[in-house]
Amino acid sequence: MMFLPADLLLRHSVVMCLLLHSLVLMTFCFHHAATSCSKSCYCTESDGGGKTVRCSNLQLTEIPQDFPNDTRHVFLDFNLFTTVPANAFAGLPHLVELDLSHNELSQLEPGAFRGLGSSLQFLDLSSNKLVNFNSEAFEGLRARANLTNNPWHCDCNMQIALPRVDLEPASLAGIVCQTSDPEEIRVKGLAFLLAPDIDLCVVMKRTTDVVMLVVMFGWFTMVISYLVYYVRANQEDARRHLEYLKSLPSKQGKSEESSTISTVV
Ligand SMILES: *[C@@H]1O[C@H](CO)[C@@H](O)[C@H](O)[C@H]1NC(C)=O
Ligand SMILES: *[C@@H]1O[C@H](CO)[C@@H](O)[C@H](O)[C@H]1NC(C)=O
């Protein structure tokens, strides 16, 4: 009868000890996970070294800024991002793949992918709300980008911007025009780059032509009016001068003329 409590106590303490031990281990593990990877995402080691961070479908509205600096793959698809701010991934010099597909992205700020130029190979921006193509967002990038499934607005600005990017050329074939300016050029539904003959800057050129014409006409009018004014003013002068000359005795005039000629010679 006296054994039982002691035995129980012993067993109890062993269990307690084990529990405590695992608790300590668990806290250590969680602590480790929290410091070595992002708060809101799941991290694994990539096959080729570095880390893979998965933040898919987490209702995120802002791009996390706490990824480890040896991250190689980031999956941020199916979230609620509306914009990619400048330098959003600047601390990740080894990033190879970035998936931002299936978000609400309508804007990429200039320098959004700054710092990824030498490493990034795949950039997925498909199924977003991108309307205007901002070449400054892609500065330095040579990645293959998926730009499909966005409501692209094709206009002169886009035509000017596309040749300025270094993205893998096949990427740009994913830009399918949903709207266009001018509308009558009918690029709607076309892959923009697959229609190389279209010139969306034609209207802009026409407007600049008209502006140039108006400006030139203005200048021309000013020059003509000045000339007319000048001639009239001088006519008055010339007339007065002529009258003055006529009023002089004609011989004196002739001798003066010959004397000036002789001095010139
Ligand atoms: C990551 O940052 C740490 C310091 O915070 C540095 O020692 C390490 O070299 C960096 N690793 C890479 C891959 O850049
Ligand atoms: C681009 O993304 C779309 C959907 O998001 C997908 O169906 C397509 O296969 C992707 N294209 C490439 C070349 O990866």
Side-chain angles (χ1 to χ4, degrees), residues 38 40-44 46-48 50-64 67 71-85 88-89 92-155 157-159 161-180 187-196 198:
S38 170
S40 39
C41 307
Y42 306 101
C43 264
T44 51
S46 306
D47 289 340
K51 293 200 174 54
T52 297
V53 185
R54 292 177 194 279
C55 320
S56 309
N57 209 352
L58 292 174
Q59 315 266 311
L60 300 178
T61 54
E62 271 176 36
I63 291 166
F67 298 147
T71 298
R72 287 183 186 246
H73 307 269
V74 172
F75 297 93
L76 288 161
D77 48 325
F78 292 96
N79 281 294
L80 304 169
F81 307 123
T82 55
T83 180
V84 178
F89 305 97
L92 310 176
H94 305 288
L95 197 62
V96 173
E97 181 179 11
L98 176 57
D99 187 350
L100 283 162
S101 67
H102 299 273
N103 276 285
E104 307 283 320
L105 294 177
S106 58
Q107 201 194 356
L108 307 170
E109 284 180 17
F113 305 110
R114 193 173 288 146
L116 303 180
S118 53
S119 63
L120 197 71
Q121 288 173 26
F122 306 103
L123 173 62
D124 197 343
L125 289 167
S126 64
S127 303
N128 275 289
K129 303 237 153 68
L130 296 171
V131 174
N132 296 311
F133 187 88
N134 180 3
S135 63
E136 290 166 29
F138 297 95
E139 65 186 20
L141 275 196
R142 280 182 292 273
R144 186 194 312 158
N146 190 339
L147 301 170
T148 60
N149 237 333
N150 280 285
W152 293 110
H153 177 70
C154 297
D155 61 1
N157 290 330
M158 179 183 278
Q159 196 147 36
L162 285 187
R164 293 196 185 149
V165 297
D166 293 327
L167 291 174
E168 197 178 285
S171 315
L172 302 181
I175 298 181
V176 174
C177 311
Q178 193 169 97
T179 55
S180 72
V187 288
K188 217 166 144 178
L190 284 185
F192 190 76
L193 273 206
L194 300 183
I198 56 177

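First listed ligand is number 1; within each ligand, the first listed atom is number 1. Sequential numbering from 1 along the given sequence is applied to the chain's residues.
- The salt bridge (charged side-chain N to carboxylate O under 4.0 Å, His left out) test applied to Lys188 returns no partner, not counting sequence neighbours.
- Scanning for salt bridge (charged side-chain N to carboxylate O under 4.0 Å, His left out) contacts around Arg164 gives an empty result, with sequence neighbours left out.
- Side-chain contact check for Pro85 versus Glu109: some heavy-atom pair is nearer than 4.5 Å.
- Phe67 and Phe89 have their aromatic ring centers separated by at least 6.0 angstrom.
- Among protein residues, His102, Ser126, Ser127, Asn146, Thr148 come within 4.0 Å of ligand 2, judged on heavy atoms.
- With sequence neighbours left out, Thr83 forms a side-chain hydrogen bond (donor to acceptor under 3.5 Å, both in side chains) with no residue at all.
- In this structure, a donor-acceptor pair under 3.5 Å is present between the side chains of His153 and Thr179.
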